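Here's the structure we're looking at; comments come further down.
Nothing here was measured: the structure is a model prediction, and the numbers come from that model.
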Amino acid sequence: MKHIVALHDAVTPWSDGLEPSDAELDAIEEEMPVISAEVELLDVRIALMDRVPNELDERRFRRAVHRLLDARRAVAAASTHASMPGSAS
């Protein structure tokens with residue numbers, strides 16, 4: 001029985017630069033409400049793909065859209081406030 005082994009290093013060698021920086025993690029954390037709302041809206045859309053939406057489905061869809069818009073508005077307001085001169089960031 002012959003063993004098959006790689007004769008060279010992996011295509012992408014592991015390096016310290018592959019981990020996200022603290023600033024990138026902070027940016028992801030700030031946008032997490034938008035990401036969660038987008039996932040929720042996607043879940044609703046997937047659920048409605050194979051059937052005709054009834055009244056409750058339409059409400060669920062509208063609620064998901066409104067949550068996404070609210071989350072985007074909140075993140076935009078927070079980033080605008082943080083970038084204003086004299087704001088504590």
Task: Heavy-atom closest pair, residues Ala71 and Ala37 - done: CB-CB, 4.3 Å
TODO: Starting from Val34, walk the hydrophobic network (Ile, Leu, Val, Met, Phe, Trp, Tyr; side-chain heavy atoms closer than 4.5 Å) and list everyone else you reach, by chain and number.
DONE: Leu41, Val44, Leu48, Phe61, Val65, Leu68, Leu69, Val75
Open item on the list: Would you say that Glu38 contacts Arg72 through its side chain, given a criterion of any heavy-atom pair below 4.5 Å between the two side chains?
Closed with: yes
- [ ] Determine whether Ile28 and Met32 make a side-chain contact, defined as any pair of heavy atoms from C-beta on separated by less than 4.5 Å.
- [x] yes
Task: Over all atoms of both residues, closest heavy-atom pair of Ser79 and Ala76 - done: OG-O, 3.0 Å
Task: salt bridge (Lys or Arg N to Asp or Glu O under 4.0 Å) contacts in which one or both residues fall within residues 39-50, not counting sequence neighbours - done: Glu40-Arg67
Task: Nearest-0.5 Å distance that lies between atom CG in Asp70 and atom CZ in Arg63 - done: 13.0 Å
Task: Asn54 CG to Arg60 CZ distance, which is reported to the nearest 0.5 Å - done: 11.0 Å
